[in-house]
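So the structure is just underneath, and the comments pick up after that.
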Amino acid sequence: MRENPLVLHVLGARPNFVKAAPVVRGLGELGIRQGIVHTGQHYDALMSDVFFADLGLPDPVANLGVGSGTHARQTAALLTGLEDVVSEHRPDLVVVYGDVNSTLAAILVCAKLHVPTAHVEAGLRSFDREMPEEVNRVVTDALADILLVTSPDGLSHLAAEGVAPGKVHLVGNPMIDSLFSALPKLDPAPVRARLGLPERYAVATLHRPANVDDPASARELVDGVLAVAEQVPIVVPLHPRGRTRLAEAGLVTGGNLSIVDPLGYVEFLSLVRGAALVVTDSGGVQEETTMLGVPCLTVRPNTERPITITHGSNRLVTPATLSAAASKALADGAVTPTGELPPLWDGKAGPRIARVIEAWLRGDNLSPASQGVPPSGS
């Protein structure tokens, strides 16, 4: 390694920014040189720029501006752009996050260029290869040099796939670090007032291909959401992906349903914090509602985050069962987590990840037995 090694973070979508911010901060406190590559997979200001501001992330050293497109076209553009950036900056380590196409492209480029990589959120599995994200997860974990795991089930999954134990480190969830940092700023009242919402309302976030790409599936989902809207006003900050398809299926502003543009990080979490119910197909929202004690109904047949069910407020539903599940959740009210919260979801994952990366850059041999977990209280 060089005397002053460089770490590059590749970010492409809103959840990536939330996970990266604590890691960037942790590495900065250790004096490690770093830069952010913004791929532009989420390409408008509401989907990315405002997140940089809300999370205190530095300006990127490169913005590829790849925009949207089919998986093949978007990934092809990412491969070409990232190859140029990695070749120019010659990083000692590239850190990738989550399971989006930017993550897949970065891991492939680095493998071809023999640049070491670290994967934050390694080991998550839905065991559903029809999900594009699941394919991205499996490929990324197979190629990464450092696997940074958010929950204990990830350790089991990686072991079953034959990943060398010395690569794997249980570090906790940096998304929860960002949530804890934001808590003092999370006030639902101003957002409610701006959006014209009553005190009791629900939030929905919907974008998964399995839910929105097929017209029949989109119609079923919209019917379920409209049935919930008969019980409680719903606001839907709608991701550009699938917006037209959902509108064609009837998801338009009217009555108890309000469609709004994507929100910044603090505004969105403020809205979630005050919600009586959240309906989602997003992975990160399952985690955030778990920590906030907000009832969450995930419209998917599976989740790569089962710990949000066993330790949190999340439940899996189908479009057909959504209305009945919402009725029960609204009647039950806010969730008080029982038992322990997920291990190491304590707001200190960023510093743990930074220490693992620092040790790796120094060439230290980390003990597989510790799985990267620091002594108690650190």
Side-chain angles (χ1 to χ4, degrees), residues 5-28 32-113 115-121 132-133 136 140 144 174-175 178 207 237-241 243 261-268 284 350 353 357:
L6 172 65
V7 174
L8 285 186
H9 307 264
V10 175
L11 312 180
R14 288 161 66 109
N16 292 172
F17 310 143
V18 181
K19 294 161 195 167
V23 181
V24 171
R25 190 161 52 247
L27 289 170
I32 294 173
R33 190 165 58 107
Q34 55 186 326
I36 290 174
V37 178
H38 182 7
T39 68
Q41 183 175 331
H42 279 179
Y43 47 89
D44 65 27
L46 288 171
M47 295 298 285
S48 60
D49 292 358
V50 69
F51 267 45
F52 274 76
D54 282 351
L55 294 162
L57 286 165
D59 290 337
V61 298
N63 189 328
L64 303 183
V66 298
S68 61
T70 66
H71 284 281
R73 290 183 181 278
Q74 188 180 68
T75 304
L78 288 162
L79 287 168
T80 303
L82 286 169
E83 183 180 57
D84 290 342
V85 171
V86 173
S87 297
E88 176 188 351
H89 289 273
R90 297 174 54 245
D92 297 274
L93 182 73
V94 169
V95 185
V96 298
Y97 297 81
D99 52 25
V100 297
N101 286 339
S102 296
T103 301
L104 174 68
I107 209 80
L108 290 172
V109 163
C110 291
K112 297 287 188 178
L113 294 177
V115 174
T117 50
H119 182 206
V120 174
E121 209 175 63
E133 297 89 350
N136 293 351
T140 300
M175 181 171 273
S178 290
H207 72 279
L238 202 55
H239 190 300
R241 188 186 198 295
R243 185 167 191 152
D261 287 332
L263 302 174
Y265 178 68
V266 171
E267 271 204 316
F268 176 72
I353 292 169
I357 290 173

Residue R73 excluded, over 12 heavy atoms near CZ under 6.0 Å: no
Side chain to side chain, I357 and I353, heavy atoms closer than 4.5 Å: yes
Minimum side-chain heavy-atom gap R243-D261 below 4.5 Å: yes
Intermediate values then yes/no, side-chain contact (heavy atoms from CB on, under 4.5 Å), T103 and N136: CA-CA 7 Å; T103 301; N136 293 351; 5.9 Å; no
Minimum-distance pair of heavy atoms, taken over all atoms of M175 and G284: SD-CA, 3.7 Å
Q74 and L78, any side-chain heavy atoms less than 4.5 Å apart: yes
Pairwise distance CZ(R25) to CG(L57) - rounded to 0.5 angstrom: 8.5 Å
F17 and F52 aromatic ring geometry - parallel, tilted or perpendicular at 30°/60° bounds: tilted
Nearest heavy atoms of V86 and C110, plus distance in Å: CG2-SG, 4.4 Å
Full working for side-chain contact (heavy atoms from CB on, under 4.5 Å) between L6 and R90: CA-CA 8 Å; L6 172 65; R90 297 174 54 245; over 6 Å; no
Heavy-atom side-chain proximity of S178 to Y265 below 4.5 angstrom: yes
Validation row: H9, L27 side chains within 4.5 angstrom (heavy atoms): yes
V37 side chain near V61 side chain, heavy-atom distance below 4.5 Å: yes
H119 side chain vs Y97 backbone, donor-acceptor pair below 3.5 Å: no
Rounded distance (nearest 0.5 Å) linking atom CG of L104 with atom CG of L79: 7.5 Å
Approximate separation, where rounding is to 0.5 Å, of L238 CG and L263 CG: 11.0 Å
Heavy-atom closest pair, residues E83 and V109: CA-CG1, 3.7 Å
Closest approach of L93 to A118 (non-hydrogen atoms, all atoms of both residues): CD1-N, 4.0 Å
Non-hydrogen side-chain atoms of S102 and L11 separated by less than 4.5 Å: no
Minimum-distance pair of heavy atoms, taken over all atoms of P58 and V24: CD-CG1, 4.1 Å
Approximate separation, where rounding is to 0.5 Å, of I107 CD1 and K112 NZ: 13.0 Å
Check: D99 and T140 side chains under 4.5 Å, non-hydrogen atoms: no
Over all atoms of both residues, closest heavy-atom pair of T39 and N63: C-OD1, 4.4 Å
